[in-house]
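Data block below; observations after.
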Amino acid sequence: MLSKQFLFTKPSLFFFFFFANPSLRRRFSSSRHRYPTNADRRSRPTTIVSPTPYIPIAKCISLLQFCASSKPKLMQIHAFSIRHGVPITDPDMGKHLIFAIVALSAPMGYAHNVFSQIDNPNIFTFNTMIRGYAESENPRPATELYRHMRAFSSVKADTHSYPFLLKALAKLTAVWEGEMVHSVVLRDGFESLVFVQNALLHLYGCFGCVESAHKMFELMPQRDLVAWNTVINGFALNGRPNEALVLFRDMGFEGVEPDGFTMVSMLSACGELGALALGRRAHVYVLKVGLLNSNLHANNALLDLYAKCGSIRDAKKVFNEVSERSVVSWTSLIVGLAINGFGKEALELFKELENEGLVPTEITFVGVLYACSHCGMVNEGFNYFGQMEEKYGIVPRIEHYGCMIDLLGRAGLMKEAYEYIQNMPLKPNAVIWRTLLGACTIHGDLVLGEFVRSRLQQLEPGHSGDYVLLSNLYALESRWSDVQKVRRAMLRQGVRKTPGYSLVELGNRVFEFMMADRSHPQSEEAYAKLAEIASLLRLEGYVPRTANVLADIEEEEKETALSYHSEKIAVAFMLVNTAPRTPIRILKNLRVCVDCHVVFKLISKVYGREIVVRDCTRFHHFGNGSCSCGDYW
DNA sequence: GTAGGGTTAG
């Protein structure tokens, strides 16, 4: 008789069978599988190997069920099936074997091998296979299997097939196929099932069609917590944090209690908006319901929220206080420190991560390289870039090369940066060239700038940021006719400069200011404050930096244009409306210009205020007349 | 057996 003990004492067989056989390894690891035809089924043997006496199917099944539930290692199951000649051609036996493999998240190649030997696979077998692929790293075969099932077998898809198939399609962002499957779901009358509906919501969310998902959601007669979470997350992940927060509020009105999933989406929406006050309230809620310390994802989202709101002190506090930390927690704090201008601390934290024996991910390295490039640590940057592959086997992606170009470009090593692009093993994309163009603007390299710009025109014509960068570059050299040329080209090609705006949080509200904005009821007071600031700053020796104004206008006019930049109005507004020494936080959609940067440094000194500005790329912490970026940004 | 989550260069 076979005992359970026996099962666990023969692991080496599978090792030998699987890892020692290159052809099998290749077969199992191949991403595309061919599904067996009936001719295949007729020609292959009825069992894998049969060195030992036959064991009753019922016994095998109960053992496999035990395996799947107690999650032992896959090799033990396989050793068992090989050793005892498990007759997996039996559909019942095969289905349990496949289920055990999928439940263990084992390589799908192995499940495919079993699947191809089963006589007349039933719907459970197909569904388990589809599920396994949908949850694996390569979900493509799930859709192939579904098509195969529809075309070549008598098995009909049921209510359990669609949620997993839709999950696979969502992962693949296969829009066309997704819509086809949706129409099949409608035709076959599965759309009334809540599992299918939620999977469809997720599908459209992943496609970036949050509008469709939302519409579908509104039409749903019964909406459970998962449906709310799916559509809220859809908005949060597609750059629509406001809508996500509105839905979060509506959810409360309908009396649906949020869970960890909801809070993660909600916190990330707050982070994107820089809504620190709202985020703090969410923090209190997370504490109240006991999610903190029990939900790693919620902890990480909270950490990220504080880092993204420029409140690095709170981020560190969360990091130090939680009982469980994953590499994501470390990465979030490293990236947070890097974007807030604390590059050295970010690198120290990275060293600590290594000392803890944790394995950094490719995103950790983006943070590390970002820290190096924003602090001018060229040698360190190259050092870490080398370590990536040597020490951790992480193949650098285009993002990492972007950081390296930025590292060289910011440090003024323009020639080296250009050569680096020429020699890199990946094809440079628009982002890479744009990074170099940005560096040209910082260092006034007009010749290279024009060349890079021509490359960008081919790769991504009509990107408004490139026109602005080029015109700033011409303006630096006072080449006004060229500035005009860029401007006319923008008009001709219908390219519009993204209007700059700044957000500030006061009380429970978020206020938005545009350039030269006078729509706010308190704008008179704000402008009066601006005039006061201007006169005070002149006493401090302030001279406006006007090179960034996109026009050949009189210097005096330029000064006016500068003094009405949205972030300056926002600061003035906050100076009027908050008590002395209250920190001021501003979120800006574009980069802070040189002039605003100088002004904020001075304001922080003259008015004794801490000013935190989050622009589209990073944070600036102003205090006592200096900035955390060290003027290197 | 069924659906949903966080971190990424400019």
Side-chain angles (χ1 to χ4, degrees), chain A residues 68 95 98-99 102-103 123-128 130-132 134 158-167 170 190 193-203 205-206 224-234 236-237 259-268 271 295-305 307-308 326-336 338-339 361-370 373-374 396-407 409-410 429-439 441 463 465-466 469 590-591 615-618 633:
Chain A
K95 95 179 184 188
I98 291 175
F99 184 72
V102 169
I123 183 62
F124 180 96
T125 326
F126 273 107
N127 285 349
T128 314
I130 291 175
R131 174 187 161 188
D158 70 355
T159 51
H160 294 263
S161 318
Y162 287 103
F164 288 123
L165 177 65
L166 291 168
K167 185 178 180 178
F190 289 124
L193 292 150
V194 70
F195 284 104
V196 177
Q197 282 175 350
N198 289 344
L200 282 167
L201 289 180
H202 174 64
L203 181 87
C206 285
D224 63 1
L225 180 60
V226 176
W228 281 98
N229 285 349
T230 309
V231 70
I232 288 176
N233 193 45
L237 290 181
D259 69 348
F261 285 71
T262 332
M263 294 318 289
V264 167
S265 304
M266 197 260 175
L267 289 169
S268 86
N295 187 325
L296 181 62
H297 293 295
N299 295 343
N300 290 343
L302 200 55
L303 207 168
D304 179 53
L305 164 89
K308 277 219 181 108
S326 67
V327 69
V328 177
S329 327
W330 289 81
T331 302
S332 297
L333 191 55
I334 289 172
V335 172
I339 60 171
T361 66
E362 46 185 32
I363 301 168
T364 321
F365 275 103
V366 169
V368 167
L369 297 176
Y370 190 94
S373 82
H374 284 255
R397 294 204 327 211
I398 194 88
E399 289 87 347
H400 301 108
Y401 286 101
C403 291
M404 297 310 283
I405 311 296
D406 196 45
L407 181 73
R410 266 176 213 280
N429 60 11
V431 179
I432 296 282
W433 289 114
R434 196 164 298 130
T435 308
L436 189 58
L437 182 58
T441 322
H463 187 284
D466 298 344
L469 280 178
L590 303 174
R591 273 181 62 148
D615 71 9
C616 61
T617 65
R618 60 164 298 151
W633 92 94

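All of these numbers come straight from a predicted model, not from anything done at the bench. So you know, we letter chains A, B, ... as the sequences are listed, proteins then strands, and number each from 1.
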- Message: Checking the side chain of A/Asp158 only, and the main-chain atoms of A/Ser161 only, is there a donor and an acceptor separated by less than 3.5 Å?
- Response: yes
- Task: Grab the CG-C1' distance between A/Asp158 and B/dT2 for me, whole Å please.
- Result: 9 Å
- Message: At 4.0 Å (heavy atoms only), tell me whether A/Asp466 reaches a base, stays on the sugar-phosphate, or touches nothing.
- Response: nothing
- Gap between atom CZ of A/Phe195 and atom CZ of A/Phe190 - 0.5 Å precision: 14.5 Å
- Item | Atom-pair distance (CD1 on A/Ile130; P on B/dG1), nearest Å | 17 Å
- Query: At under 4.0 Å between heavy atoms, what does A/Ser265 touch on the DNA or RNA strands: base, sugar-phosphate, or nothing?
  - Reply: nothing
- Query: Any chance the side chains of A/Thr364 and A/Thr361 put a donor and an acceptor closer than 3.5 Å?
  - Reply: yes
- Note on the structure: Testing B/dA9, B/dG5, B/dG10 for proximity to the side chain of A/His374, the answer is B/dG10
- Between B/dA9, B/dT7, B/dT2, spot the one nearest the side chain of A/Phe195, thanks. B/dT2
- Task: Identify which nucleotide among B/dG5, B/dA9, B/dA3 has an atom closest to any side-chain atom of A/Asp224, counting heavy atoms from C-beta outward.
- Result: B/dA3
- How many angstroms lie between atom SG of A/Cys206 and atom CG of A/Leu237, to the nearest 0.5 angstrom? 7.5 Å
- Message: I want to verify a distance call: between B/dG1, B/dG10, B/dA9, whose nearest atom is closest to the A/Arg410 side chain?
- Response: B/dG10
- Item | Rounded distance (Å) that lies between atom C1' of B/dG1 and atom NZ of A/Lys167 | 12 Å
- Task: Give a yes/no on whether any side-chain N or O of A/Tyr162 is located under 4.0 angstrom from OP1 or OP2 of B/dA3.
- Result: no
- Task: Let me know the distance between CG of A/Asn127 and P of B/dT2, rounded to the nearest Å.
- Result: 11 Å
- Within this structure, what is the CH2-to-P distance between A/Trp228 and B/dA3, rounded to whole angstrom? 22 Å
- Message: Over all strands shown, is A/Thr361 touching base, sugar-phosphate only, or nothing at heavy-atom distances under 4.0 angstrom?
- Response: nothing
- Out of B/dG10, B/dT7, B/dA9, which nucleotide sits closest to the side chain of A/Ser332? B/dT7
- Note on the structure: A/Glu399 atom CD is separated from B/dT7 atom C1', nearest whole Å, by 13 Å
- Message: Side chain of A/Ala199 only, heavy atoms from C-beta on: which candidate in B/dT7, B/dT8, B/dA3 is closest?
- Response: B/dA3
- Of the nucleotides B/dG1, B/dT7, B/dA3, which has the atom closest to the A/Phe164 side chain? B/dA3
- Note on the structure: Output for pair (A/Asn198 CG, A/Leu225 CG), nearest 0.5 Å, gives 10.0 Å
- Message: Tell me if a side-chain donor or acceptor on A/Asp259 pairs with a main-chain N or O of A/Thr262 at a distance below 3.5 Å.
- Response: yes
- Task: Indicate, with a heavy-atom threshold strictly under 4.0 Å, whether A/Leu237 touches base, sugar-phosphate, or nothing.
- Result: sugar-phosphate
- Task: Give one of base, sugar-phosphate or nothing for A/Asn295, where a contact means two heavy atoms less than 4.0 Å apart.
- Result: base
- Separation of atom CH2 in A/Trp433 from atom C1' in B/dA9, rounded to whole Å: 16 Å
- Item | Minimum-distance nucleotide (side-chain atoms of A/His202 versus B/dT2, B/dG10, B/dG5) | B/dG5
- Query: Which listed nucleotide (B/dG10, B/dG5, B/dT8) is nearest to the side chain of A/Phe261?
  - Reply: B/dG5
- Round to the nearest Å and state the distance from A/Leu165 atom CG to B/dT2 atom P. 17 Å
- Does A/His160 lie flat on the base of B/dG1, that is, centres under 5.5 Å apart and planes under 30° off? yes
